[in-house]
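For reference, the structure is listed below as structure tokens.
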Amino acid sequence: MSDYVIGLTGGIASGKSAVSQRFEALGIVVADADVAARDAVAIGSEGLADVVDMFGTGVLAADGSLDRPAMRRRVFAEPDARKRLEGIIHPRVRELLRAACMRAVGPYTIAAVPLLAEGGGRRAYPWLQRIVVVDVPGSAQLQRLLQRDGIDEVLARRMIAAQASRQQRLAVADDVLVNDGTLEALDGQVAALDRLYRNLAAASR
């Protein structure tokens with residue numbers, strides 16, 4: 001079991017998935033908050049029941065699962081809807097993530113949390129030993145999002161604005177991985193962090 005946990009976060013289209021894949025290739029278990037968020041509102045879960053109690057059956061798909069596009073529209077249409085939804089999901093995601101990290105075998109574990117800064121940062125995740133932020137300049141983030149999702153610039157800017165700012169993410173960082181170069185450069189940065197985390201985890205035992 002691993003009790004040395006690194007939080008991994010970054011803005012939309014910053015390259016968090018590419019970073020996670022590289023840590024996994026080095027033998028590190030990555031617990032993904034996106035997976036935990038799906039589990040938190042799975043069919044039959046208390047989380048889904050709480051969402052329906054708060055927002056009504058209109059957020060359910062025909063099969064009884066959460067209709068994510070409908071929920072997304074609701075969140076963007078109602079200013080306080082996002083906070084109410086996060087109040088249901090975030091605590092459950094934290095519990096599921098921590099359990100997954102504690103079960104993991106390895107020198108350390110990574111908890112990949114896209115909304116770490118938005119979800120309370122260190123105060124909400126006191127069990128993280130360090131936080132690494134995948135950072136990318138705003139212009140590059142916008143271009144990657146446009147290319148990745150095939151959306152217009154207005155929507156892309158709105159999606160970026162809905163998240164914590166670059167400065168807010170950097171404020172919670174112990175380590176910053178700048179992902180504005182080549183894949184080879186990214187490999188080198190991840191390898192360096194892996195060596196650091198293995199040493200820190202070993203020293204903590």
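The figures that follow rest on heavy atoms only: side chains count, while hydrogens, waters and symmetry mates do not.
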Report yes if the side chains of [X] and [Y] come closer than 4.5 Å at any heavy-atom pair, otherwise no.
| X | Y | value |
| --- | --- | --- |
| Leu177 | Val190 | yes |
| Phe55 | Arg84 | yes |
| Val59 | Arg74 | yes |
| Ile6 | Asp174 | no |
| Val132 | Val19 | no |
| Arg98 | Tyr125 | no |
| Val35 | Arg38 | yes |
| Gln189 | Arg22 | no |

Parallel under 30°, tilted from 30 to 60°, perpendicular over 60°: which one fits the rings of Phe23 and Tyr108?
perpendicular

What distance separates [X] [atom1] from [Y] [atom2], expressed to the nearest 0.5 Å?
| X | Y | atom1 | atom2 | answer |
| --- | --- | --- | --- | --- |
| Thr57 | Asp67 | OG1 | CG | 11.5 Å |
| Arg158 | Ile160 | CZ | CD1 | 12.5 Å |
| Ile110 | Asp32 | CD1 | CG | 11.5 Å |
| Arg130 | Leu8 | CZ | CG | 13.5 Å |
| Leu145 | Ile151 | CG | CD1 | 4.0 Å |
| Arg144 | Arg148 | CZ | CZ | 10.5 Å |

Ion pair Asp135/Arg169, N-O distance below 4.0 Å:
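Judged by the 4.0 Å cut-off on N to carboxylate O distance, Asp135 and Arg169 do not form a salt bridge.
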
Looking at Asp34 and Lys16, does any basic side-chain N land under 4.0 Å from a carboxylate oxygen?
no

Take Leu146 and Glu153 through the test side chain to side chain contact (heavy atoms under 4.5 Å, CB included) and record every step on the way to the result.
CA-CA 7 Å; Leu146 292 171; Glu153 187 171 333; 4.3 Å; yes

Got a sec, which residues hit salt bridge (Lys or Arg N to Asp or Glu O under 4.0 Å) with Asp180, two or more places apart in sequence or on another chain?
none

With distance as the sole test, does [X] use its side chain to make a donor-acceptor pair with the main-chain N or O of [Y] at under 3.5 Å?
| X | Y | answer |
| --- | --- | --- |
| Thr109 | Val29 | no |
| Asn179 | Ser14 | yes |
| Gln141 | Ile12 | yes |

Assigning hydrophobic clusters by single linkage (Ile, Leu, Val, Met, Phe, Trp, Tyr; side-chain heavy-atom cutoff under 4.5 Å), is [X] placed with [Y]?
| X | Y | result |
| --- | --- | --- |
| Leu96 | Val30 | no |
| Val134 | Val178 | no |
| Leu115 | Val93 | no |
| Met54 | Leu60 | yes |
| Leu66 | Ile43 | no |

For residues [X] and [Y], report the shortest heavy-atom separation together with the two atoms involved.
| X | Y | result |
| --- | --- | --- |
| Tyr4 | Pro107 | CB-O, 4.3 Å |
| Ala164 | Gln168 | CA-OE1, 3.3 Å |
| Glu86 | Pro91 | O-CD, 3.7 Å |
| Ala70 | Gly58 | CB-O, 4.1 Å |
| Ala31 | Leu97 | O-CD2, 3.5 Å |
| Ile88 | Gly47 | CG2-O, 3.8 Å |

Looking at Glu78, I want to see if its CD is surrounded by more than 12 non-hydrogen atoms of other residues, nucleotides or ligands under 6.0 Å.
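More than 12 heavy atoms, drawn from other residues, nucleotides or ligands, come within 6.0 Å of this atom.
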
Side chain to side chain contact (heavy atoms under 4.5 Å, CB included), that's the test. Do Gln129 and Leu200 meet it? Break it down for me.
CA-CA 10 Å; Gln129 273 67 49; Leu200 290 172; over 6 Å; no

All side chain to side chain contact (heavy atoms under 4.5 Å, CB included) counterparts of Thr9, not counting sequence neighbours
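For Thr9 the side chain to side chain contact (heavy atoms under 4.5 Å, CB included) partners, ignoring immediate neighbours, are Leu116, Ile131, Val133.
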
Evaluation steps, side chain to side chain contact (heavy atoms under 4.5 Å, CB included), between Tyr197 and Asp175:
CA-CA 11 Å; Tyr197 298 153; Asp175 307 298; 2.8 Å; yes

